[in-house]
2 protein chains.
Amino acid sequence: MRGVTPPALPGPPRPGTPRRAVTQEDVAREVGVSRTLVSFAFRGAPGVSNETREAIFDAAQRLGYRQNAVAADLARKRPSAVGLYLLDLRNEVYADVFHGVREAFEDAPNRLILSVSPTANSLGRAAVDSLIEARVGIVVAATLLDADADVQELAQTVPVVNVARRVHGVDSVYSDDPAGAEAAVRHLIELGHTRIAHLTGPPHEGHQGRRRSYERTMSDVGLPPRVVTAQDYTQEAAERAVVPLLAGGERPTAIFAHNDELAVGAREAAYGLGLAVPDDLSLIGYDNSRISRLHGIDLTSVDLHALELGRSAGRTALERLANPLAPAVDLKSSPRLVVRGSTAAPPEVRKDRP
Amino acid sequence: MRGVTPPALPGPPRPGTPRRAVTQEDVAREVGVSRTLVSFAFRGAPGVSNETREAIFDAAQRLGYRQNAVAADLARKRPSAVGLYLLDLRNEVYADVFHGVREAFEDAPNRLILSVSPTANSLGRAAVDSLIEARVGIVVAATLLDADADVQELAQTVPVVNVARRVHGVDSVYSDDPAGAEAAVRHLIELGHTRIAHLTGPPHEGHQGRRRSYERTMSDVGLPPRVVTAQDYTQEAAERAVVPLLAGGERPTAIFAHNDELAVGAREAAYGLGLAVPDDLSLIGYDNSRISRLHGIDLTSVDLHALELGRSAGRTALERLANPLAPAVDLKSSPRLVVRGSTAAPPEVRKDRP
DNA sequence: GTGAAAGCGCTAACAT
DNA sequence: ATGTTAGCGCTTTCAC
């Protein structure tokens, strides 16, 4: 039977046999030059004649050569990959941050490696470790829930750019949370609300700006603060946390939520109890996400300009990569209160002047 | 001045000087063993005494050693990284797919590398190429907009698992789109609608199942199909595309949209024109995303179980990695129509029986 | 303009 | 149980 070519079996379809990847070696052999020249050509390094360069690109094309960025980084000794850590893919804010960072790296040669937290309430350390194992040269983190000291320690291992969070001595690109929260609370106070609750999630160092500002603003005007804590930063947890608040006595006439996610949860809880927004309950979120702009949702919200935050973070990362020893960047931007239909005067005020 | 220690300058805070990464070599030297043993210990390979192993882990901990997964993969010759391509981070479906895949790889040692399309309407090739340069051993793609032939060709270079799409001869994990679309359209027909439009985005090979099924179902019952095409798969584009449809004469009484994203755009367009859902316009989406469940949105939608799709895709990738030569997987699941408040009988039927 | 050779951090035979 | 050695694909001196 030797020499007989077996007939092509029809059989079930099979995925293409993964052929061995084409290397610079293969390209060099094809062209008849040394590996070095192929490497030079692909990095645009000087010292390759135009003729040779073209022959190399040609052969590479034909053979389907793709550079092995991983091996290149290893050899270069200076990683070109950028790690981007995102806390929650289900929260639009992080998609915005991603797109901002991506834009900033549009023309840069760096690879962007994403790492996403398993839950919206995880410390980032494990996910960031996977970035470190992938040997990224810098980590852009949106948002680390870890303690300041842990972030500072992490920054000893790999440069970190914090997004939407400020950590002393570590690059930080963030929005003025206290100002945003104050604007939100003052808006409610001006509408005549006195029973204003704050809906937040588990406390984490560096994420207390909105809550603290709420408490401060309330006590400044002599109003008693009332904080409700959801088990995590999801709509579902918010719903669970708000139901007892609204079902109990002395229920608030307004809720200022840590973000839109939680605000939407509060909204669902309200409607579930037969309360209407804003007639029975005024609601303010944070993030000015797309959902807040929908007809029928119409949620008053504080915009922290996540896309722009991402862009700044990307640019900051680029600078840090270029200049590792420059002083830490501290970039604070201003949020903006966007008033929509979810906030109105409380029932008692409306009754007073009908 | 020699020998004089300069005083510690207060100055601005600086990010920690990035120290050289700790290697197995360093750990080995610290413990007083060979590099090999350190490697063995970390891979859990047999042939290391418990005593030595503990000493190694100890030293690694002290020194802050993190394994260089990139170098390991290179040496192993068999990449352990898994690439996950996502078409659109702003669409919740892809977040669900991500979490499904992540779950499937929970206990696997593989790194997950994400790559996201720059826009919701890009072909995936560029983003997948970056995955190839990062030397992933397999690509899980949700969802490639490229032509079947291009996907098949890509699969020659690196194994591909298609999510929510079927490509002959390439692993595919998908939902029965024609069945889902038919259920949606039949639901509208049963309510009494006759002017039912379909809202979709740019046509791409392999993404025509819903549209074709809509057309087929309509003509099966002798109704004229009417397809509106948005410029891309975003809410905003949908809004722009639907306005002329609803403002013109003979406007439809129902719209079946390719997905919730587009359905929400249609909804905004309707309300912008003073039309109410479902009173003036019935609306069906696809994906059963969180937004469709909100009070006041209450969108009837077809659920394709994205999370489960992601899990299946992850498991399929695991199997493909273990058995590169097995026949291509073709996994079709059944979607489910979830009826909510955005669909009702059309105005003329309601008038007939008041 | 071109090539040889060392080495990046690691794995995996193959010794001992 | 432990060590030696040869790569993985690439970059980067340094020589010709």
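Residue numbers start from 1 in every chain, and the chains themselves are labelled A, B, ... in the order their sequence lines are given, proteins ahead of strands.
- B:S49 places a side-chain N or O within 3.5 Å of a backbone atom of B:T52 that can act as its donor or acceptor partner.
- If you take CG of B:L37 and P of D:dT4, they are 10 Å apart, rounded to a whole angstrom.
- The structure places CG of A:N68 at 6.5 Å from CG of B:L74, a figure rounded to the nearest 0.5 Å.
- Overall, the helix from C:dG1-D:dC16 to C:dT16-D:dA1 carries an axis bend of 40° between its ends, with five pairs at each end and the value rounded to 10°.
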**Prompt:** Which nucleotides of nucleotides 5-12 of chain C have their base under 4.0 Å from a protein heavy atom (B), which only their sugar-phosphate (S), and which neither (-), written as one string 5' to 3'?
**Reply:** B-BBBBBB
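- Cation-pi geometry between B:R102 and B:F105 is not met: the NZ or CZ atom fails to fall both under 6.0 Å from the ring centre and inside 45° of the normal.
- Judged by distance alone, with hydrogens and angles left aside, the side-chain atoms of B:S122 form no donor-acceptor pair with the main-chain N or O of B:S117 at under 3.5 Å.
- With contacts defined as side-chain heavy-atom distances shorter than 4.5 Å, the pair B:V70/A:D73 does not qualify.
- The two residues B:V82 and B:N110 make their nearest non-hydrogen contact at CG2-CB, 3.8 Å.
- Rounded to whole angstrom, the span from the CD atom of A:E54 across to the P atom of C:dG1 amounts to 15 Å.
- To the nearest angstrom, C1' of C:dT2 lies 10 Å from CD1 of A:I56.
- Between A:R311 and A:V101 there is no side-chain heavy-atom pair separated by less than 4.5 Å.
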**Test log, rule salt bridge (Lys or Arg N to Asp or Glu O under 4.0 Å), inputs B:E308 and B:R315** = CA-CA 11 Å; B:E308 184 50 47; B:R315 283 192 298 263; 3.3 Å; yes
